[in-house]
Amino acid sequence: MARSNDEVAALFQEYADLISITGGDAFKARVYEKAARAIGGHPADVSTLDAKGLQQIPGVGKSIAEKVVEYVNSGSVSAVEQLRAKIPAGVRRLTAIPMLGPKKALTLYEELGVSSIDELVDAIHAERLRDLKGFGPKTEENILHGIGLLRSAEDRVQLDVAMGLAEDIVAELSRVNGCRRCAYAGSLRRVRETVGDIDILTAAEDSGPLMRAFTELPYVMEVIAQGRTKTSIRTTKGLAVDLRVVPPDSWGAALQYFTGSKAHNIRTRELAVHQGLKLSEYGLFDVESGEKTVSETEEEVYARLGLPWIPPTLREDRGEIEAGLRDELPDLVEEADIRGDLHTHTDLTDGLAPLEDMVAAAAGRGYAYYAITDHGPDLSMQRMTDERMLAQREDVRRLDGAYGTRGKRAKRGGMRLLHGVELNIGPEGDVDWPDDFLAGFDLCVASVHSHFNQGREEMTRRIVRACENPYVNIIGHPTTRLIGKRPAVDADLDAVFAACARTGTALEINAHPDRLDLSDEHILRAKRYGVRFAVDSDAHAALHLAYMRYGVATAQRGWLTKDDVINTWPEARLRRFLDKGRAKGRNKGRARSRDTGRAKRHSTA
DNA sequence: GCCGTTTTCGGCCCGACTGTTTTCAGTCG
């Protein structure tokens, strides 16, 4: 279930949107936006805080604290309700279209009475926008394109949303009497980047109590279908969830079947047929005798087919069957292998938490090392200066080794801190600082944050040039896509991958569920070039550090092993990688043989 | 509506791009 913090954050974000749409004070709207973000990222549950405690959250003052209390007590906030009454919900929905903000949405509503995306499409086709001031043919085109993008993501929800709900349902149903086993299956178990509906599988002799408990969950809006083996519901947020109950001795076959993917299942069933067997959700059967051979665990099912157990993240028929038959499945990287996070922010730029809170939270995850990478000055809205960055470095050095001195890290002297930066890759591939300043950082992430519409050649040259910078270690969120919101930039990724491999630059797998960038398919492609990867949370709040799991799952979907991922490496090996070709920059031309030796070790290490 | 090394008022992230204009408004990151 969503935390109260998330509900309150969503409410304030809506309030901010409504203020903007109704032409209210833009500064006030921004304050609510900021408060929404701060509350969403706040570690303590706001429903447990009083007004005074709430005001300790940065950006929350008296008025907002009162509204939080009002929401916790009554389930609504009258100020928000008043604005809701003025503007149909569909008008706010219009602002989800890229290129269409609050001003244009209000114009469309007031001038044309447009209050939904469908009505907007009709209005465009009827050429009714042509007479509006500020709307030209190009705007029409952009709006239609934006609607297409939005709709393509509409029926699917993001990974973290689906995962939160699924884990909650599994926890609830596991408590029901007679429930022998319970797990989520489907695309969620394969950890695809978006999820269409959630499949929950349970094993029990009697399905009745489970079906009842399922339909009585508090967030069930509608029971779509209810039977003895399968019940389907829709949640208040519009997400469809199927529950299937199978006999305990069919658990393995059912889990295998409902995990999919469809393509993977077709291949496994083919394998069965070739061996005179039949595979279904009830088990693996001998065709001639009709006798069931195995079904209780997935391992048994795969073993009987001549396969090792195949991790769900690989089950896409992308070669896992062949690799399994040859016993050459990769030893996939796991979350426990991750020794540190190499891309994180603090409140020095756009993060929410102070440095020390982030460091403490990272140490709590058991990391051996941790990098702080706030934005450089080229993202001018972040107001970074040399002085501020150097002052942060002092703080980082002071905290180096100070956390993580208990538990398993104790004897190794605490968590090591790396002072880094997230540089901005400018339109020409240049970054925020000259070499001599960059040399002071332990590592540099470099990412594209603007000029997304450059042509393919320019964009490729831009990113490749960043790779060639001897101080750039990681290309952050390499395609800059936002799932369902913004397409990937147009670049020749093969050229980028080759440049990364050649220069010793890692590609990020940004674990934020909005991004998951690189995606699994790009990872598979990049790996062939011998590229290294960094799985990073890009955390802007302590809670975001936990996004790591989605990044690791995406890495698994890209068939990565521990060795492919630089932040699973011991610190010394990582630091050698981060040194890149810097020595070359320091002594131009000198010590060439030593450096090529080093480069060689990197590419094969 | 929040906040304070410009503290109880008066600022508030700011520069750039895009499409529409003919000097600028809206949107974005």
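Each chain gets a letter, A, B and so on, in the order the sequences are listed, and its residues count up from 1. Every value quoted in this text rests on a predicted model; they were computed, and no experiment measured them.
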Can you give me the N/O atom pairs linking the protein to nucleotides 8-10 of chain B at distances under 3.5 Å, or say none if there are none?
none

Who passes ring pair (Phe, Tyr, Trp, His ring centres under 6.0 Å) against A:Tyr550, sequence neighbours left out? none
Under a 3.5 Å limit for both distances, which nucleotide forms a Watson-Crick or G-U wobble pair with B:dT27, could you say? B:dA16
Expressed as a whole number of angstroms, how long is the span from A:Ile39:CD1 to B:dC2:C1'? 13 Å
I'd like to know if the side chain of A:Arg92 and the backbone of A:Leu18 have a donor-acceptor N/O pair within less than 3.5 Å. no
Where do N or O atoms of nucleotides 20-22 of chain B meet protein N or O atoms at under 3.5 Å, pair by pair?
| residue | atom | partner | partner atom | Å |
| --- | --- | --- | --- | --- |
| B:dT20 | OP1 | A:Gly136 | N | 2.4 |
| B:dT20 | OP1 | A:Gly136 | O | 2.9 |
| B:dT20 | OP1 | A:Pro137 | N | 3.2 |
| B:dT20 | OP1 | A:Thr139 | N | 3.3 |
| B:dT20 | OP1 | A:Thr139 | OG1 | 3.0 |

Smallest heavy-atom separation, A:Thr346 atom then A:Leu355 atom, equals CG2-CA, 3.9 Å
Mark yes or no: A:Arg486 above the aromatic ring of A:Phe452, with NZ or CZ under 6.0 Å from the six-membered ring centre and no more than 45 degrees from the axis. yes
Ring center gap for A:His345 and A:His343 short of 6.0 angstrom: yes
Between atom CG in A:Leu54 and atom C1' in B:dG1, what is the gap in whole Å? 15 Å
Paired with A:Lys104, the side chain to side chain contact (heavy atoms under 4.5 Å, CB included) test is passed by just one of A:Ile97, A:Thr139, A:Thr95, namely A:Thr139
If you measure from the Lys or Arg side-chain nitrogens to the Asp or Glu carboxylate oxygens, is any gap between A:Glu335 and A:Arg365 under 4.0 Å? yes
Salt-bridge present (A:Arg515, A:Glu193; N to O < 4.0 Å): no
Give the rounded distance in Å between these two atoms: CD1 of A:Ile19 and P of B:dC12. 19 Å
What pair of heavy atoms forms the shortest contact from A:Asp341 to A:Ser537, and how long is it? OD2-OG, 2.6 Å
N-O pairing of A:Arg397 and A:Asp442 below 4.0 Å: yes
Tell me which donor-acceptor pairs under 3.5 Å the side chains of residues 32-45 of chain A have, and how far apart each pair is, sequence neighbours excluded?
| residue | atom | partner | partner atom | Å |
| --- | --- | --- | --- | --- |
| A:Tyr32 | OH | A:Lys67 | NZ | 2.9 |
| A:Arg37 | NH2 | A:Asp350 | O | 2.8 |
| A:Asp45 | OD1 | A:Ser4 | OG | 3.1 |
| A:Asp45 | OD1 | A:Ser47 | N | 2.8 |
| A:Asp45 | OD1 | A:Ser47 | OG | 2.8 |
| A:Asp45 | OD2 | A:Ser47 | OG | 3.4 |

How close or far is atom P of B:dG29 from atom CZ of A:Phe452, stated in whole angstroms? 6 Å
Nucleic acid contacts of residues 347-356 of chain A, taken as heavy-atom distances under 4.0 Å to DNA chain B: none
Quick one, which residues of residues 109-131 of chain A touch DNA chain B with a heavy atom under 4.0 Å? none
Shortest non-hydrogen contact between A:Asn567 and A:Val535, atoms and distance: ND2-O, 2.7 Å
With a 4.5 Å heavy-atom cut-off, do A:His375 and A:Asn424 have their side chains touching? no
In numerical order, the residues of residues 22-35 of chain A whose heavy atoms come under 4.0 Å of DNA chain B are A:Asp25, A:Phe27, A:Lys28, A:Arg30, A:Val31, A:Tyr32
Could you give the CD1-to-P distance, from A:Ile143 to B:dT18, as a whole number of Å? 17 Å
Can you name the residues that form a ring pair (Phe, Tyr, Trp, His ring centres under 6.0 Å) with A:Phe437, not counting sequence neighbours? A:Trp433, A:Phe441
Ring pair (Phe, Tyr, Trp, His ring centres under 6.0 Å): pairs with one or both residues in residues 98-136 of chain A, sequence neighbours excluded: none
Between A:Ser447 and A:Glu422, the two heavy atoms sitting closest are OG-OE2, 2.7 Å
Shortest non-hydrogen contact from A:Met389 to A:His419? O-CE1, 3.5 Å
Nucleotide B:dC28, atom C1' - distance to CG of A:Asn142 in whole Å: 13 Å
Identify all pairs in which a protein N or O lies below 3.5 Å from an N or O of nucleotides 24-27 of chain B, and state each distance.
| residue | atom | partner | partner atom | Å |
| --- | --- | --- | --- | --- |
| B:dT27 | OP1 | A:Gly101 | N | 2.6 |
| B:dT27 | OP1 | A:Gly101 | O | 3.1 |
| B:dT27 | OP1 | A:Lys104 | N | 3.0 |
| B:dT27 | OP2 | A:Lys103 | N | 3.1 |
| B:dT27 | O5' | A:Gly101 | N | 3.4 |

Starting at atom CD1 of A:Ile425, determine the distance to atom C1' of B:dG29, rounded to an integer number of angstrom. 15 Å
I'd like a table of atom pairs between the protein and nucleotides 15-17 of chain B - only N or O on both sides, under 3.5 Å - with the distance next to each one.
| residue | atom | partner | partner atom | Å |
| --- | --- | --- | --- | --- |
| B:dC17 | OP1 | A:His451 | NE2 | 3.4 |

Is A:Arg130 salt-bridged to A:Glu140, cutoff N-O under 4.0 Å? yes
Per the under-4.0 Å heavy-atom filter, residues of residues 510-517 of chain A near DNA chain B come out as none
One thing to verify: whether A:Arg398 and A:Glu394 come together as a salt bridge, which I'm taking to mean a side-chain N less than 4.0 angstrom from a carboxylate O. no
Check: A:Val489 main-chain N/O paired with A:Thr479 side-chain donor or acceptor under 3.5 Å: no
At their closest point, which heavy atom of A:Glu508 faces which heavy atom of A:Pro478, and how far apart are they? O-CD, 3.5 Å
